[in-house]
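Below is one structure, written out as C-alpha cells, with a few remarks after it.
Note: hydrogens, waters and symmetry copies are ignored here, and every other heavy atom, side chains too, is used.
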Amino acid sequence: MAGLRLGPLLRHVDWDTGDAATVWVETDRPCTAQVRCADGAGGSVRTFQIAGHHYALVPVTGLTPGGTTAYEVLLDGVRVWPLPDSRFPASTISTPAVAGPGRPAPGLRISFGSCRQAAPPAGSRGPHGPDALDTLAAQLAAAPQAERPDLLLLLGDQVYADQLSRETRRWLAARRDLREPPGAQVADYEEYTRLYYESWLDPEIRWLLSTVPSLQIFDDHDVVDDWNTSASWLAEMRATPWWQERVVSGLMSYWVYQHLGNLSPAELAADALYGAVRKTPDGTDALRAFAAEADADPASVRWSYRRDFGRVRLLMVDTRAARVLAEDRRAMLDPAEQQWVRDNALAGHGGYDHLLVGSSLPWLMPPLIHDAEGWNAALCRGERGERWARIGENLRRRSDLEHWAAFPASFSALSDLVEEVGTGPRAPATVCVLSGDVHHAYVAEPVIPSTARVFQLTCSPVHNSIHLAVKLGFRLGWSRTGRWLGRLLAKHGRTGRPPVAWRRTGGPWFGNQLMTLALSGRAARLRLDQARRSRKGARLVQVLDRELTEHP
C-alpha cells in the first residue's frame, strides 16, 4: 500500500476563476494520488519519479468560488490524509469570490519572510528561539475561525544546504565520510530530500502548508552561501570535485519541491519538462539534463514568475541564478530577465491597484551598506587598480556584499522602473518590494516624485539568529554616522550618489518574525509579528500595525 512521505502542500489557488487549485505530495511508491473535497471538488493524477522518489502535483477542479472546503488525500483509493488521530483542524482549500459587476475584487492578506532553519525536534530547544512560522501555525490551529493569510510568500532560504542540524549531520555521517568534501553539507539529491523532510514534516508546518497556499523562490542557502556572488567565486567552485553534483542536485530539488507548485495549471500543461518527466517511468535523466543546462546557461530557464490576485500583481524575481557575473557588465538580472520584469510590470498598467515585487534580496538597504557595496563593486571592476580589485573581491566574499547595490546598473534599472510604474494617473496605490535575507526587518521609502506610495518591506528571519556584531553593524548602517562613512567609501570608489535617496520609516527589528500585508481596494496595511517565548509557550507578538495608504 502506498504511503504519504511528505505533504500535502496547498500551492496554486486560481484567483481568476476561484474554482481550481493544486496540491503537491510526495509518496513512497508509484501510485495514483487523489484529492477529494467535502464539496465534491477534486482531482487525481499519477505520480512521477525522480531519483527513486515519487511525487504528484494534483490539479483540483470544481471548487466553489468564495468558499472553503475540507479535503483529504487518497493514494490508490486509500485515505492517507488527514493523519489518523490528528490534533489539527481539517486541511481546507479557500477560494476567492470572483469579482464582477457589483462585486469588488476580494481583499488579499500575504504573510511573508525568509531564512527558516528547520525547527528542532519536539521537546528540545534549538539555538534560534521560537520559529515564527511554527508559532503562526500553532495559533491558527488553536483558533480555526481566526483570520488566516490568503498566501504565504517564502522569499528564500527555505532550506539550508550548508548549515545543517545536528540530527542531519548524524544522518550524513552514517551515509558517507564527512572528512571528504563537501563535509557536513549536502552533496546530492538524496541529501537535499532530507532537508525538505526535516523542515516540512514538522507537524505544525505540515498542517499550515496543507491549508494556506504558498509561493516560493530560492536564495543562496538553498544551494550554498554566496551562490553566484562573482565570476571568480563561480570559477573556483566549478574547479572543485563536488560542486557540479551539488548545484545540479540543488536545482533539481528546487524544481520538484518549490518551483512546480509556483506554476498555474495552464503553465504546467505548457511546460515541456514537466510533460516529459510525467511521460517516462523515471524522469531523473531529463531533469538532471535540464538542471545542468540551467547552471551552465542561466538564460536557458526562467525561475521568475508572475501572479495576479484580482487587482494585485506579484512579480517574483530570481536574484540568484539569473545574474551576469562578468565585472565589465555585471547585472543582477540578465537582459532577457530584466526585460521580462519590465514588461510584466507595465503590462496592463492602470489595471491593478498594487504592484508587489518579490526579491529575496532587498532593493533599499541601510545607506552605509549600500555605499559599501557600490564602492566594492567599483573596486572589483578595477576603478582603483589591480591591488584594490583583489582586496575588493576578498571583502565581497567575506562580507556578503552582493545585494542590488552591488550591481549598480541593475539597482538603477529597478529604481527607474519603480518610479515609472508609480508615477502618473494610471499609477497603482502602492509599489512594494518584498524582501528578506538580511536577518532583520525594516520599512524604507524612497524619495521620488511618485504618485504611488513606494516601500521596501524587508522581513527576515523566520527562524534563524544574528550575531551581535552584525546587529550592531546594521544599526550603524542606518545611522547618521553610517551615512557619513558611506559617503567616504563612495568618494574613494568614485561611485557618486545613488540615483535615488531613501529613508527608513520603520525598524530595524531583530528576532524571528513575519510581515503581513493586507490589501483591500487601494488600501494597504502592514503588520509585523515576532515569535517570543512566554510561560505558556511561544506566541506571536505584534510590534507594528501601520496603514500604508489612506483609506479610499
Side-chain angles (χ1 to χ4, degrees), residues 9-15 18 21 37-39 63-71 87-99 103-113 130-155 203-215 307 309-312 314 353-354 356 429-430 432 434 441 443 457 459 462 512-532 534 536-549 551-552:
L9 274 74
L10 177 59
R11 297 302 311 270
H12 179 85
V13 172
D14 196 317
W15 275 64
C37 299
D39 67 355
L63 294 162
T64 302
T68 296
T69 180
Y71 73 90
R87 57 187 171 87
F88 294 96
S91 297
T92 58
I93 302 175
S94 296
T95 55
V98 179
R103 296 193 305 274
L108 177 67
R109 286 172 53 87
I110 299 179
S111 292
F112 64 94
D131 180 339
L133 208 58
D134 216 61
T135 307
L136 171 66
Q139 290 191 185
L140 293 178
Q145 303 306 314
E147 190 172 37
R148 299 181 182 180
D150 298 302
L151 177 67
L152 291 174
L153 202 60
L154 305 179
L155 291 164
E204 281 76 17
I205 297 300
R206 193 176 193 183
W207 173 78
L208 181 69
L209 294 178
S210 76
T211 202
V212 179
S214 60
L215 291 174
R307 285 287 165 270
F309 303 90
R311 293 183 61 84
V312 178
L314 169 67
D353 292 326
H354 305 275
L356 311 179
T430 68
C432 299
L434 313 181
V443 179
L457 305 178
C459 184
V462 171
N512 293 330
Q513 48 207 350
L514 284 168
M515 274 184 175
T516 298
L517 188 59
L519 306 170
S520 180
R522 292 181 67 84
R525 193 174 191 91
L526 180 69
R527 173 173 171 157
L528 176 70
D529 294 287
Q530 291 186 335
R532 297 179 185 172
S534 68
K536 297 182 179 180
R539 62 190 182 96
L540 289 178
V541 176
Q542 179 182 304
V543 297
L544 174 71
D545 185 13
R546 173 182 169 185
E547 200 74 44
L548 298 184
T549 58
H551 287 290

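Note that OH of Y71 is 6.0 Å distant from CD1 of I93, once rounded to the nearest 0.5 Å. Of the inter-residue distances, the one linking L457 atom CG with C432 atom SG reads 5.0 Å to the nearest 0.5 angstrom. Once rounded to the nearest 0.5 Å, the distance linking CZ of R11 with CG of L152 reads 10.0 Å. To the nearest 0.5 angstrom, D14 atom CG is 9.5 Å from L63 atom CG. Going from atom CG of L136 over to atom CD1 of I205 covers 8.0 Å, rounded to the nearest 0.5 Å. Considering CG of D529 and CG of L514, their distance stands at 7.5 Å, rounded to 0.5 Å.
With T135 contributing its side chain and A531 its backbone, the two residues share no donor-acceptor pair below 3.5 Å. No donor-acceptor pair under 3.5 Å is formed between the side chain of Q530 and the backbone N or O of V543. A donor-acceptor pair under 3.5 Å is absent between the side-chain atoms of S520 and the main chain of G107, judged by distance alone. A donor-acceptor contact shorter than 3.5 Å is absent between the side chain of H12 and the backbone of S214. Remark: the backbone N or O of R527 is not paired with any side-chain donor or acceptor of D545 at under 3.5 angstrom. At distances below 3.5 Å, not a single donor-acceptor pair connects side-chain atoms of N512 with backbone N or O atoms of A132.
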Apply the test side-chain contact (heavy atoms from CB on, under 4.5 Å) to residues M515 and V443: give CA-CA distance (whole Å), side-chain angles for both, the deciding distance (0.1 Å), then the verdict. CA-CA 11 Å; M515 274 184 175; V443 179; 4.3 Å; yes

Report the C-alpha separation of T549 and T430 in whole Å, then their side-chain angles, then the decisive distance to 0.1 Å, and conclude whether the side-chain contact (heavy atoms from CB on, under 4.5 Å) test is met. CA-CA 8 Å; T549 58; T430 68; 3.3 Å; yes

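Annotation: side chain of L548 is in contact with side chain of L517 (closest heavy-atom distance under 4.5 Å). For the pair L153/L356, no side-chain contact is recorded, criterion being any heavy-atom separation below 4.5 Å from C-beta on. Between L215 and L314 the shortest side-chain heavy-atom distance falls below 4.5 Å. Counting heavy atoms from C-beta outward, V212 and L10 have side chains that stay 4.5 Å or more apart. Considering only heavy atoms from C-beta on, L140 comes within 4.5 Å of P149 through its side chain. Looking at L151 and V13, their side chains never come closer than 4.5 Å, going by heavy atoms from C-beta outward.
Annotation for L519 and A524: closest pair CD2-CB, 3.5 Å, computed over non-hydrogen atoms. Here the shortest heavy-atom pairing between S94 and T68 reads OG-OG1, 2.8 Å. Across every non-hydrogen atom of A137 and E204, the tightest pair is CB-O, 3.3 Å. Scanning all heavy atoms of the two residues, the minimum distance from S534 to G537 falls at OG-O, 2.6 Å. Annotation for Q513 and C459: closest pair O-SG, 3.5 Å, computed over non-hydrogen atoms. The minimum heavy-atom distance linking A38 with T69 is given by the pair N-OG1, 3.2 Å.
Using bins of under 30°, 30° to 60° and over 60° for the plane-to-plane angle, the ring pair F309/W15 lands in the perpendicular bin.
The neighbour count for Q542 CD, taken as heavy atoms of other residues, nucleotides or ligands under 6.0 Å away, is above 12. Other residues, nucleotides and ligands contribute at most 12 non-hydrogen atoms within 6.0 Å of the CZ atom of R539.
Here D353 pairs with R311, R522 under the salt bridge (Lys or Arg N to Asp or Glu O under 4.0 Å) rule; sequence neighbours left out. Residues satisfying the salt bridge (Lys or Arg N to Asp or Glu O under 4.0 Å) criterion with R148, sequence neighbours excluded, are absent altogether.
Between the side chains of T211 and S91, no donor-acceptor pair of N or O atoms lies under 3.5 Å.
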